[in-house]
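Report on the structure given below.
Everything numeric here is computed off the predicted structure, so don't read it as measured data. In this chain, numbering begins with 1 at the start of the sequence shown.
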Amino acid sequence: MSTMSTRAHTAPHAPAGHPARPAAGNPNRTTVRTPVHSLTVLYDANCSLCVHLRNWLRRQKQLVPLEMVPAGSAEARRRYPRLDHERTLREITVIGDRGQLYTGPAAWIVCLWALSDHRPKAHWLATPAGAPFVRVTMLAAAKYREVTTGGAARGTPCDDRCCVPG
């Protein structure tokens, strides 16, 4: 059984036996250590970068199983009716099997944390020393999406400018 906790994560429901505690540096936010047995990654299926990263994640040895579901799809809406599905097209969203919700930097980190070869790097990226690297990576990815898709990062279709690899 694995557990993941990040400062940017607030579980919507604290299961019995897993009390909430104040998150480091923010007494108004709680962090709950909840066992993670599987993760669902919502990715933009119309973005070549997102599809490339989905394929890369699938090829990695996973300590925690990752299931890939297109963001905004009928399947995503069926599974997670209360999510803002337009937002999931703009920002990576990962959902744990017990309702844990990870977005933005925490979502990138939890994806790496689920991988055998990248868990130590994920732990480091979750520290204050690693935070600038996560921020720069996310900014670069957002800029790449904007340049290559003509707006897919804002939830608009890629048209023919966004070539999804086979």
Taking C-beta and beyond as the side chain, do [X] and [Y] meet within less than 4.5 Å on heavy atoms?
X: V64; Y: V110; answer: no
X: C47; Y: Y144; answer: no
X: H52; Y: N55; answer: no
X: L112; Y: W124; answer: no
X: L101; Y: L83; answer: yes

Nearest non-hydrogen partners of [X] and [Y], listed with the distance:
X: A76; Y: L42; answer: CB-CD2, 4.1 Å
X: C111; Y: V41; answer: SG-CG2, 3.8 Å
X: P120; Y: S116; answer: CD-O, 4.4 Å
X: L39; Y: G96; answer: CD2-CA, 3.7 Å

Atom pairs and distances, donor-acceptor, side-chain atoms in residues 134-141, under 3.5 Å, two or more places apart:
residue	atom	partner	partner atom	Å
T137	OG1	F133	O	2.8

Q: Please list, chain by chain and in numerical order, all residues satisfying side-chain hydrogen bond (donor to acceptor under 3.5 Å, both in side chains) with R59, sequence neighbours excluded.
A: none

Q | side-chain contact (heavy atoms from CB on, under 4.5 Å) between L66 and V94, worked out | A | CA-CA 9 Å; L66 296 173; V94 179; 5.6 Å; no

Q: Decide, yes or no, whether a salt bridge links R79 with E75 under the criterion of side-chain N to carboxylate O below 4.0 Å.
A: yes

Between [X] (side chain only) and [Y] (backbone N and O only), is there a donor and an acceptor less than 3.5 Å apart?
X: Q62; Y: L57; result: yes
X: R77; Y: G72; result: yes
X: Q100; Y: R98; result: yes
X: D44; Y: C50; result: no

From [atom1] ([X]) to [atom2] ([Y]), nearest 0.5 Å:
X: Y102; Y: I92; atom1: OH; atom2: CD1; value: 12.5 Å
X: L63; Y: L115; atom1: CG; atom2: CG; value: 7.5 Å
X: E91; Y: T103; atom1: CD; atom2: OG1; value: 4.5 Å

Q.
Hydrogens and angles aside, do Y80 and T93 bring a side-chain donor and acceptor to less than 3.5 Å of each other?
A. no

**Q.** All ring-ring contact (aromatic ring centres under 6.0 Å, His included) counterparts of H118, not counting sequence neighbours
**A.** W56

